[in-house]
Chemist: 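What follows is a structure written as structure tokens; I'll ask about it next.
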Amino acid sequence: MRTMLTGADVYRDGRLRREDVIIEANRIAEVGAALPRSGMDNVIDCSCLVISPGFADAHAHLREPGFSYKETVASGTEAAARGGYTIVAAMPNVNPVPDSLDHLMQSLAVYDRGASVRVRAFGAISRGENGQTLSDMESLAPYVAAYSDDGKGVQSGSLMREAMLRAGALNKPIAAHCEDDTLQGAASEWRQVERDLLLVKETGCKYHVQHASCRETVDLIRRAKSEGLPVTCETAPHYLCLNDEDTLDDGRFVMNPPIRSREDQAALIEGLRDGTIDMIATDHAPHSPLEKSGGFARAARGIVGLETAFPALYTKLVMAGLISIERLLWTLTAAPRALLDEPADIRAGSTADITVLDISTPYTIDSNTFASKGRSTPFDGWRVQGRAVTTISQGRIVWDGRR
Ligand code: DOR
């Protein structure tokens with residue numbers, strides 16, 4: 001079966017160009033301008049659309065095993081496919097925490113049964129994410145993309161140092177949720193980033209900052225990169241598209257870290273522009289409607305993000321002229337794929353992992369239509385452009401919004 005996607009602007013090697021893509025079985029057979037149509041079983045007109053490598057999310061909570069009332073691997077990966085994602089990295093704050101081979105296998109078994117796109121596991125840094133003793137990092141290594149205690153900061157500098165030494169020997173990154181429990185506000189994030197960067201200098205471990213939310217973190221990462229440290233950084237759409245003047249006392253605006261000031265938002269956008277921030281990850285964190293009720297005082301922290309990331313970012317950053325579409329696509333494809341050690345590009349011979357995007361039709365985000373079980377998002381009701389109309393994962397159509 002040979003299928004041609006014709007007439008789209010194809011994003012590859014960091015550039016957009018008008019090309020055709022031919023898919024055969026689960027591979028890309030050919031890419032090029034005005035390819036002959038003879039011998040095609042199926043020709044799909046993609047004019048006015050953009051074809052990108054499938055998005056990769058370096059940070060999502062799929063909630064299984066353990067919390068399937070919030071999300072399942074099936075509903076979470078369906079949400080991913082609808083958002084244009086063909087790879088998601090699943091965070092380890094599940095039950096059991098993937099801190100041993102036995103516990104990790106329970107996560108991998110759920111992915112095998114339920115996932116419609118590829119899921120990469122993150123192993124825990126500490127046992128039960130308790131911050132006290134390290135997980136079985138060596139036995140987890142063959143199966144995990146990185147180690148993180150996401151949801152909590154690692155309070156002990158000596159434990160983090162030991163984790164970096166062991167992750168470094170395994171050639172795996174430490175991905176850090178930075179939050180010092182003794183400090184308030186942005187300092188709770190950037191003080192821990194600062195501590196960890198000294199440890200990176202000492203250990204040489206690859207280090208990735210999760211959900212950066214403040215200007216000091218951007219400055220620290222910029223300096224670390226200029227010193228040649230092996231450091232990467234993500235932020236999330238809500239920190240780029242919103243600031244604390246936009247928030248309401250409503251669970252839809254409650255997440256950790258919180259949405260910060262206009263200056264922080266501007267610094268994050270500048271960091272995205274100059275390459276200090278490598279990638280945008282969703283921190284998709286679904287909770288039940290009851291858990292999300294009660295505003296800042298009571299609502300569980302976390303919002304869903306897989307089905308809104310691209311439209312929010314395209315509308316608020318690209319259409320507003322703050323970053324180019326090429327830069328946005330890079331932060332959603334090549335950069336997170338490099339972190340996850342997953343090949344990125346659209347080229348002859350590579351696995352067909354593709355997202356077809358409509359960037360010109362306006363629509364309104366309606367959380368009632370989400371595949372995710374989580375419905376809480378500050379982007380509900382936003383008038384946007386940018387939607388994944390078809391998502392192909394490993395040659396299989398996992399989302400077809402044109403039907
Ligand atoms: O908002 C958040 N939600 N931040 C976290 O660090 C954890 C996450 C969750 O698991 O709900």
Side-chain angles (χ1 to χ4, degrees), residues 57-73 75-76 79-80 88-99 107 119 121-126 128-131 146-155 174-181 183 185-186 188-190 192-193 196 208-214 217 233-242 244 247 250-260 280-306 308-309 372-379:
D57 187 3
H59 192 146
H61 296 271
L62 298 180
R63 302 301 195 203
E64 283 189 314
F67 303 96
S68 42
Y69 72 95
K70 295 178 193 267
E71 188 78 293
T72 63
V73 167
S75 62
V88 291
M91 292 302 110
N93 55 346
V94 290
N95 188 14
V97 170
D99 53 9
S107 285
V119 178
F122 270 34
I125 293 173
S126 68
E129 292 202 348
N130 67 5
Y147 303 94
S148 172
D149 271 1
D150 187 58
K152 294 178 186 163
V154 175
Q155 303 304 311
I174 290 284
H177 170 119
C178 292
E179 184 175 8
D180 182 326
D181 293 346
L183 298 172
S188 75
E189 175 177 301
W190 67 262
Q192 209 160 77
V193 174
D196 287 355
H208 175 73
V209 174
Q210 299 182 288
H211 45 54
S213 68
C214 66
T217 296
C233 181
E234 73 185 35
T235 189
H238 36 286
Y239 307 117
L240 294 163
C241 296
L242 298 164
D244 58 9
T247 59
D250 179 314
R252 298 188 298 117
F253 296 86
V254 178
M255 77 293 288
N256 188 31
I259 291 168
R260 301 197 194 273
I280 304 171
T282 65
D283 200 0
H284 176 85
H287 295 284
S288 71
L290 183 62
E291 288 169 324
K292 287 304 295 179
S293 64
F296 283 105
R298 278 211 353 258
R301 294 187 293 186
I303 55 167
V304 292
L306 286 163
T308 54
S372 173
K373 287 189 170 189
R375 294 291 148 89
S376 193
T377 165
F379 302 121

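Just so it is clear, the structure is predicted and the values come from calculations on it, not from any experiment. Order of listing sets the numbers, starting from 1, for every ligand and every atom in it.
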Chemist: Locate the shortest heavy-atom distance separating Gly123 from Pro92; write the atom from each residue and the value.
Modeler: O-CG, 4.1 Å
Chemist: Kindly say whether Leu306 contributes a backbone atom to a donor-acceptor pair with the side chain of His284 at under 3.5 angstrom?
Modeler: yes
Chemist: From Ile259 CD1 over to Leu240 CG, what is the distance, rounded to the nearest 0.5 angstrom?
Modeler: 10.5 Å
Chemist: With heavy atoms under 4.0 Å as the rule, classify the contact between Met255 and ligand 1 as side chain, backbone, both or neither.
Modeler: both
Chemist: For ligand 1, note which part of Ile303 has a heavy atom under 4.0 Å away: side chain, backbone, both or neither.
Modeler: neither
Chemist: For atom 3 (N) of ligand 1, what's the nearest protein heavy-atom neighbour? Residue, atom name and distance, please.
Modeler: Arg301 O, 3.0 Å
Chemist: Does one side chain, of Asp150 or His59, offer a donor that lies under 3.5 Å from an acceptor on the other?
Modeler: yes
Chemist: I need the atoms of ligand 1 closer than 4.0 Å to a non-hydrogen atom of His177, numbered in the order shown.
Modeler: 6 (O)
Chemist: Can you list the ligand 1 atoms lying under 4.0 Å from a non-hydrogen atom of Gly151?
Modeler: 6 (O), 7 (C)
Chemist: Ignoring hydrogens, what is the shortest heavy-atom contact between Ile125 and Ala175? Give both atom names and the distance.
Modeler: CD1-O, 4.3 Å
Chemist: Between His287 and ligand 1, which residue portion shows a heavy-atom distance shorter than 4.0 Å: side chain, backbone, both, or neither?
Modeler: side chain
Chemist: Would you check the N or O atoms of Pro257, main chain and side chain alike, for any that come under 3.5 Å of an N or O of ligand 1?
Modeler: no
Chemist: Measure the acute angle between the ring planes of His177 and His211, then classify it against the limits of 30° and 60° as parallel, tilted or perpendicular.
Modeler: perpendicular
Chemist: Would one find an N or O of Asp150, backbone or side chain, under 3.5 Å from an N or O of ligand 1?
Modeler: no
Chemist: Show which atoms of ligand 1 fall inside a sub-4.0 Å distance from at least one heavy-atom site of Ala285.
Modeler: 3 (N), 8 (C), 9 (C), 11 (O)
Chemist: Shortest non-hydrogen contact from Glu189 to Ser213?
Modeler: OE1-OG, 2.7 Å
Chemist: Could you tell me the residue and atom name of the protein heavy atom closest to atom 1 (O) of ligand 1, and the distance to it rounded to 0.1 Å?
Modeler: Asn256 N, 2.9 Å
Chemist: Mind checking whether Lys373 and Pro286 have side chains closer than 4.5 Å, heavy atoms only?
Modeler: no
Chemist: For atom 8 (C) of ligand 1, what's the nearest protein heavy atom and its distance?
Modeler: His61 NE2, 3.7 Å
Chemist: At what distance is the nearest protein heavy atom to atom 11 (O) of ligand 1, and which residue and atom is it?
Modeler: Arg63 NH2, 2.7 Å
